[in-house]
Every structure is written in C-alpha cells, then in structure tokens.
Visitor: 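Let me give you the structure first, and then I'll get to my questions.
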There are 2 protein chains.
Amino acid sequence: MKKNQTNVLSELRQMILDGALSAGSRIAEVPTAEMLGVSRTPVRIAFRALEQEGLLTKLAGRGYEVRSISVEEIMGAVEVRGVLEGLAARQAAERGLSQSHQQALALLLEEGDQILNVESLKEADLEHYQNMNKRFHDIVIEAAHNPAIQAALSRNEHLPFASSSALAFDKKNMQREAKRFQFAHQQHHHVYHAIVNGLGTRAEGIMREHANATLGYVHQPKDSDSLTVITERKLHDKP
Amino acid sequence: MKKNQTNVLSELRQMILDGALSAGSRIAEVPTAEMLGVSRTPVRIAFRALEQEGLLTKLAGRGYEVRSISVEEIMGAVEVRGVLEGLAARQAAERGLSQSHQQALALLLEEGDQILNVESLKEADLEHYQNMNKRFHDIVIEAAHNPAIQAALSRNEHLPFASSSALAFDKKNMQREAKRFQFAHQQHHHVYHAIVNGLGTRAEGIMREHANATLGYVHQPKDSDSLTVITERKLHDKP
DNA sequence: CTAGGCTATATTGGATCCATTAAAGAACAA
DNA sequence: TTGTTCTTTAATGGATCCAATATAGCCTAG
C-alpha cells in the first residue's frame with residue numbers, strides 16, 4: 001500500500017488510540033518517518049494535525065509527546081459534544097428535515113430496533129449498534145446545515161477515545177451495557193420524534209441528555225503499560 | 001523581521017480577514033511563498049492550518065481558494081459560539097470562580113461601565129469596549145476549566161470576521177451601536193451575577209442570549225472588490 | 001467547423017539537504 | 001567530589017529538488 005499524507009495521519013492516530021504509543025511517550029519526526037517508511041515531510045504535517053486534535057503536545061526542542069488525557073478532560077469533551085449536537089438537533093427541527101434525511105433516520109431507528117431485539121447481546125452486536133449510532137448522529141448534524149457545528153466537532157472527534165478503553169463498552173458487564181444501549185436507543189426515538197414535529201427546544205434537550213447519559217459510563221482505563229519511547233536510541237538499540 | 005511558521009500563518013490570515021485576498025480568490029503555494037519571501041514549506045503548513053480554520057478550501061490540482069463566507073454561515077458560527085460559551089458559563093458557575101478570576105471579571109465590568117458612561121461614544125470607545133469584551137469572554141471560558149471548549153472554539157475564532165465588515169460595528173449608526181453595546185454590557189453584569197452565585201443554568205441561558213443578541217446585528221458586507229487571483233501568471237504579468 | 005486527443009505547464013506531494021537550537025553528557029578545575 | 005563549561009548530538013525549521021497529476025489550451029483530423 002502506498003502511503004500518502006492522510007494515510008500517515010490516520011495510521012499514527014490509530015496507533016495512539018490503540019495504545020501502541022502509550023500516553024506520555026515521546027515521539028520524534030525522524031524515527032517515526034523511518035518506522036513508517038516515509039520521509040519527514042508527511043510526518044511533520046501529521047504531527048501538526050494531531051497536535052490540533054489534542055492528541056500530541058509539542059515539547060520545544062525535544063519532539064512531541066503523546067498527551068495523557070484525564071477522565072475529567074474526556075467528560076469535558078463529551079459535554080461539548082452534547083451541546084453541539086443539541087444545537088444541531090434544534091436547528092434540524094427548526095429548519096425541517098429533508099425527505100432523504102427523514103427516511104435515513106427512520107431506517108436507522110428500525111435497524112437499531114432489530115439489533116437490540118434479541119435475547120442476549122453479543123459484543124459484535126454492540127459494535128454494530130455503535131456503528132449505527134454514529135451514522136444517526138452524523139445525519140442529525142448534517143440536517144442542521146450548519147458547517148460551524150461540524151468544524152467544532154471535528155476537534156472532538158477522536159479525543160474521547162484517546163485513553164484506550166475509556167469510552168469503549170465494558171465487556172465484563174454485558175447485561176448493564178445492554179440496558180445502557182436500550183436506553184440510548186429510546187432517546188434516539190424521542191429525538192427523531194421531536195425533530196420531525198419541529199420541536200426544536202425539546203430535540204435539543206433530549207440530545208444533551210443523551211450525551212450526558214454516556215457520561216455516567218466513563219470508567220478509568222487500566223493502568224497503561226510501560227512507556228514506549230520512540231527515539232533514535234530506542235530504534236537502534238536492538239542487539 | 002525574520003519570518004517563522006506562525007508569522008506566515010498569521011500574516012496570511014490577516015490578509016484574508018482584511019480582504020487583501022478577497023473571497024473567491026485562487027491562491028497557490030509557490031507565488032505566495034515568493035510574495036512573502038519564504039519557501040514553500042511554511043506556506044504549505046499555513047495553508048493547511050487555514051483550511052482547518054475554514055478560511056481556505058483546497059481545489060484538487062488547482063491550488064486553494066479563499067472561501068466566501070455567507071451570512072448564514074456566520075450566523076451559524078455565532079450560534080455555535082453561543083452554546084459553547086453558554087456551557088462555559090454554566091461550568092464556571094458550577095465549579096465556582098477562583099479569587100483571581102472573580103476579581104478580573106469585576107474589574108472588566110467596572111472598565112466597561114467607565115467606557116460606556118460618556119455622552120457620545122466614539123469609534124475608539126467601541127473598539128476599546130470590544131477589546132474588553134473579548135477579555136471578559138476569555139476569562140469565563142478559562143474559568144470553566146474545560147479544554148475541549150477552547151479547542152472547539154479555536155475553529156470558530158476567526159470565521160465570524162472573515163467577510164471584512166460583517167460583524168464589525170456600523171459606523172454610520174453610532175447611536176444604535178451605543179444602545180447595542182449598553183445592552184450587551186448589561187448581560188455581562190447578569191452573567192457575572194449568575195456565575196458568582198452558582199446559578200449554572202441561568203448563567204448558561206444569559207450567555208446564549210448574549211451571543212444571539214449579536215446575531216441580530218449581522219449585516220451584509222459591501223460588495224467585494226474585483227477578484228484578486230494570486231497565481232504565476234498574475235505575478236509575472238507586470239509589463 | 002467541431003470534436004477528440006495530445007502536449008505543455010501549473011501545481012501539489014514527498015524526499016533530502018542545510019542551518020539552528022537546545023538538551024545531555026563528558027571533561028576539567030576547584 | 002562537585003560544579004561549571006564545553007562539546008557532541010538529537011531534534012526541529014526552512015529551502016530546494018524530484019516525481020506525479022490534472023487542468024487547460026492547442027493542434028489536428030474528420
């Protein structure tokens with residue numbers, strides 16, 4: 001696979017989110033470029049983008065550092081997402097849904113009903129649901145026709161998933177997770193109802209509630225593994 | 001003055017905001033670099049940042065274009081700012097102001113009272129007030145202790161001022177502008193009161209109202225001058 | 001005269017080179 | 001032994017070079 005700019009960016013982002021580059025790791029342009037088999041140029045650009053996204057911080061003269069994101073910060077990001085999506089829902093309700101948007105949302109609601117309407121939910125089901133969930137939210141945001149909302153959200157896109165499992169679902173407690181997803185899905189129904197009926201304030205309120213509901217489920221990630229420092233020494237010290 | 005990365009970025013941004021590069025202009029790396037007397041590298045980085053800020057769009061294979069921002073888009077951006085600053089005010093109220101933040105806000109309120117308490121406001125007074133206004137808002141945001149808010153806002157920082165005079169005050173109607181500023185300042189007082197008394201919901205509401213109040217004053221900028229296309233031809237065709 | 005293909009070139013993307021900075025380690029002196 | 005200074009080197013920032021691409025204009029053939 002040939003690597004281009006966006007490739008390098010998403011590859012690095014994925015490594016950070018997966019924890020391959022653990023929080024607090026130092027990371028420099030040259031060794032990273034070697035690691036990915038590209039030159040410094042695309043790496044430089046990617047680093048700046050990741051800094052913008054809040055995943056890296058620059059240490060003047062000593063490269064970059066993978067930021068360690070606190071639970072408080074994640075909760076803050078979720079709240080921000082809540083007010084922005086709340087605004088989106090309100091504006092969508094106020095300006096009215098297009099035929100295709102309404103249809104798409106209805107279909108997704110149906111899909112969610114299907115997923116959740118089984119005896120015992122498996123991990124794959126929840127992943128499937130989350131996928132659907134993202135599409136639902138994206139369509140609401142799109143329906144607001146306010147590009148500023150999308151712009152503001154793009155900064156928060158990845159942050160909530162930074163500390164590995166912080167917002168991922170808890171595999172050891174599937175029963176509780178199932179309840180949580182069912183509750184969230186109810187809220188989707190309510191939001192849909194409010195939007196198609198032009199109830200802007202109501203749509204906004206439910207959407208904010210919806211974000212806050214996930215807040216209660218933020219849990220501490222397991223202790224990070226030993227620091228992985230990607231730097232010249234590290235790469236060459238393989239006897 | 002020696003130019004570094006940030007320099008190039010802010011210089012280009014200023015040129016766009018000032019209208020030196022009018023909306024719809026095409027703009028390419030090489031000629032821009034020559035114009036500023038730097039190499040392509042810092043320009044490339046600046047272009048990507050400006051694209052992030054929503055001031056440029058990439059035309060695959062044909063360079064970049066200075067985005068023309070519609071009034072609707074500006075209004076959307078102002079609404080976004082409203083909900084985000086509303087959230088900030090709420091969180092500031094909920095977690096309580098630090099001594100220094102409270103003191104700073106009180107001082108700024110006093111300063112605003114002074115500025116507005118004269119017979120006839122001059123243009124310089126309004127500029128002075130706007131300066132104070134920005135500091136007031138910045139402190140509220142800071143007091144929320146939620147970095148995600150700042151991150152989300154940074155995308156909207158410059159957008160509202162993109163079309164030259166869209167959000168600037170109307171010099172031909174100073175009386176009305178004075179009224180508007182006095183009203184806004186009242187809201188500052190109310191926000192302050194709500195925050196120091198821990199009334200989160202109230203603080204949020206007033207702050208949103210405050211943003212929406214400016215919405216009513218968005219006016220169409222004067223017709224833009226003829227397009228200025230910065231490209232190879234343009235630069236060399238000076239007989 | 002028109003349509004299709006070809007060519008020239010404007011333009012970005014990636015790689016490498018040089019300059020500059022700052023941190024870390026070694027060496028020397030007190 | 002410890003503190004200070006000098007030197008080495010890791011690291012970024014900026015400049016230039018080469019490659020790939022796509023647009024636009026031109027030329028030719030029908």
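If you're wondering where the values come from, they're calculated on a predicted model, not measured in any experiment.
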Visitor: To the nearest Å, how far apart are A:I45 CD1 and C:dG13 P?
Guide: 7 Å

Visitor: Nearest 0.5 Å, what's the CG-CZ distance between A:N133 and A:F181?
Guide: 7.5 Å

Visitor: Got a donor-acceptor contact below 3.5 angstrom from the A:R67 side chain to the A:G54 backbone?
Guide: yes

Visitor: List for me each residue that meets side-chain contact (heavy atoms from CB on, under 4.5 Å) alongside A:S39, sequence neighbours excluded, and say none if there are none.
Guide: A:T41, A:P42

Visitor: Check whether any side-chain nitrogen or oxygen of B:R62 sits under 4.0 Å from OP1 or OP2 of D:dA24, and answer yes or no.
Guide: yes

Visitor: Between A:E34 (CD) and C:dG14 (P), how many Å, whole number?
Guide: 18 Å

Visitor: Output the rounded distance in Å from CZ (B:R48) to P (D:dG13).
Guide: 15 Å

Visitor: What is the separation between atom CD1 on B:I27 and atom P on C:dT11, rounded to the nearest whole Å?
Guide: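 So the two atoms are 11 Å apart, to the nearest Å.
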
Visitor: If I take atom CZ in residue A:R26 and atom C1' in nucleotide C:dA24, what distance separates them, rounded to the nearest angstrom?
Guide: 11 Å

Visitor: Calculate, to the nearest 0.5 Å, the distance between atoms CE and CG belonging to B:M132 and B:L108 respectively.
Guide: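 It is 6.5 Å, given to the nearest 0.5 Å.
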
Visitor: Without swapping roles, check the side chain of B:S22 against the backbone of B:G19 for a donor-acceptor pair under 3.5 Å.
Guide: no

Visitor: Can you check whether A:R81's main-chain N or O pairs, donor with acceptor, with A:N156's side chain at less than 3.5 Å?
Guide: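 No; zero donor-acceptor contacts below 3.5 Å.
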
Visitor: Go through D:dG13, D:dA11, C:dG13 for me and flag the one nearest to the A:E29 side chain.
Guide: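 Of all the options, the side chain of A:E29 is nearest to D:dG13.
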
Visitor: What is the distance, rounded to the nearest whole Å, between atom OH of A:Y64 and atom C1' of C:dA22?
Guide: 16 Å

Visitor: Between N or O atoms, less than 3.5 Å apart, protein on one side and nucleotides 15-18 of chain C on the other: list the pairs.
Guide:
from	atom 1	to	atom 2	distance (Å)
C:dA15	OP2	A:S39	N	2.6
C:dA15	OP2	A:S39	OG	2.6
C:dA15	O5'	A:S39	OG	3.4
C:dA15	N7	A:T41	OG1	2.6

Visitor: Considering just the side-chain nitrogens and oxygens of B:K58, establish if one lies under 4.0 Å of OP1 or OP2 belonging to D:dA22.
Guide: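 Checking D:dA22 against B:K58, no side-chain N or O comes under 4.0 Å of OP1 or OP2.
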
Visitor: When the distance from CG of A:N7 to P of C:dG13 is rounded to whole Å, what number comes out?
Guide: 14 Å

